[in-house]
Amino acid sequence: MSLSTAPATERPETLTDANWWRQAAVYQIYPRSFADANGDGIGDLQGITAKVPYLKSLGVDAVWLSPFYPSALADGGYDVADYRDVDPKIGTLDDFDRMRSALHDAGIKLVVDIVPNHSSNEHRWFQQALAAGRGSVERDRYIFREGRGDNGELPPSDWTSIFGGPAWTQVEDGQWYLHLFAPEQPDFNWSNPEVREDFLTTLRFWSDRGVDGFRIDVAHALSKDLSDPLPSEAELNQIDRSSGTHPIWDRDEVHEIYAEWRKLFDSYDPPRTAVAEAWVERHRRPRYASAQGLGQAFEFDLLTQEFDAAAFREVVTDSLELAAESGSSSTWVLSNHDVVRHATRYGLPPLQASVGSTERDQKQGQAWVLAGAPETALDRARGERRARAASLFELALPGSAYLYQGEELGLHEVGDIADEARQDPTFFRNPGVDKGRDGCRVPLPWSSEGSSFGFGSGHAHLPQPQWFGDYSVAAQDGTAGSTLELYRAALRLRRELQGAETLQWLETARPDVLSFERPGGWVVVTNFGTEPVDLPEGELLLSSAELVAGALPGEATAWLRR
Ligand code: GLC
């Protein structure tokens, strides 16, 4: 039941407010899988523009657009061939401008993804580097090295890439280049001033085009120290990551880059925002989030937890402390394009949907998810129940909430994509081990039936299962108790109730029940257990499940006002 007695309120004027991001609900769009206006099977910018009324009725404050730049799609667009254009497969710069205007007219901000660690191997600079040969200024924009062995036939080091397989690839004249991810994603050399200058140009290009903020991909890897001799993989994994001196990850000097970016961001009115994707140790996060740096950094700690009261409480307390340290606001994430959807994670037995458990994760500290759990182990209803409870918990927290397209539909991961239909490089580079991330990137179902469930007029670039229709927007729109209506009510109320960025824990009689109060008498109760729990006095505003004789059932959250 999603019961709301509060009237809808008008969106406050946020477009000129420099602090709009602090408690924003930001909706992530994976553009190729959102809405397909031209029926070619790939989502596009016109498709997004057509769905702006949907985003407005959902009640989000901002959209974060995953990469939409020209790309051969070796890594779903995170292999960028041109940072200052739109992929012709999904639109034009004019389409981009129309989309931005439509979003702004609806009072929704626009955040775009910037991928500065690596480009596509199809980027003009990489092609020039290949043509120019060893020792050239063109090669110096990337990380080229001679190999080991008598004839340089061995890679400069034995490092494996984040996606599996070697991290070095040899080019025709015998040199090797570094790619922390796929071979189609050569790493830039950030000690080259031209690289730095070019990214400033890119950030200005999009800021001038009215973009409100940036999400910075792999923000902790740009600065590297690759002086000889390179450590072996085993040695690399032993090097301390907590002091800013690791050869690759989270080096102190990366902040010089962001200090420069911050000056650029602050030259706009309102200042452009930025959020770092930085998988770094706890005490190192505030520097990315500081006002002299990017301004905000993702906290992925909630995402890596089981559905558990003690774990959630610890993470929230910790994240709020970190936010206070940096002066930024907290960021909450339950799903994104890299992990198994939370409705599915919470419906699988613990560890089957483990996050951060592979050797690869430990290398980068990244929460890739092994989607290896058998579908039969999945308790769908339980996963959805818990996901609704967790989302309502998340949306009541102080700070900004990052939502991933489809979570407002309670959508599950698609676990059974045929091997030949898969696209994610992590699947191909880890045969038989890792299913990859395609399961959370399947195009959204807008209608209950019809071609590609209303995603477009043709097929969908990743196959949609039959059950998708039941989760479609059409099936849930206006349906009392649907997950979509729950999110709409929550986002509307959140805007009304949101005050200072603080919370106070309220003690409960049970260890599996959490409760907190936000300023203004907004009380939140989440029952992580299975036995119903009595609610405190107050006006019930919203709940993720119908009350049972006045009590909150198991695996549910309620919002009250006292
Ligand atoms: C980030 C992105 C992920 C991508 C990787 C390489 O972690 O979120 O999707 O594959 O960077 O760019």
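Counting starts at 1 for both ligands and their atoms, following the listed order.
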Any Lys/Arg nitrogen of R282 or D301 sitting under 4.0 Å from an Asp/Glu carboxylate oxygen of the other? no
Pair Y268-D208, side-chain donor/acceptor within less than 3.5 Å: yes
Relative to the ring of W190, is the ring of F188 parallel (under 30°), tilted (30 to 60°) or perpendicular (over 60°)? perpendicular
Residue-level breakdown please: for Y30 versus ligand 1, do any non-hydrogen atoms fall below 4.0 Å on the side chain, on the backbone, on both, or on neither? neither
Where ligand 1 meets R441 - atom numbers and elements under 4.0 angstrom, heavy-atom basis: 9 (O)
Any atoms of ligand 1 less than 4.0 Å from a non-hydrogen atom of E277? List them with their elements. 1 (C), 7 (O), 8 (O)
Within 4.0 Å of some non-hydrogen atom of R437, the atoms of ligand 1 are 3 (C), 4 (C), 9 (O), 10 (O)
Near H118, which atoms of ligand 1 are under 4.0 Å from a heavy atom of that residue? 6 (C), 12 (O)
So that I can tick it off, tell me whether R285 and D250 are bridged by a salt bridge, with the cut-off set at under 4.0 angstrom between side-chain N and carboxylate O. no
Just jot down the ligand 1 atoms closer than 4.0 angstrom to any heavy atom of D338, in number order. 2 (C), 3 (C), 7 (O), 8 (O), 9 (O)
Would you please indicate yes or no on a ring centroid separation below 6.0 angstrom for Y83 and F199? yes
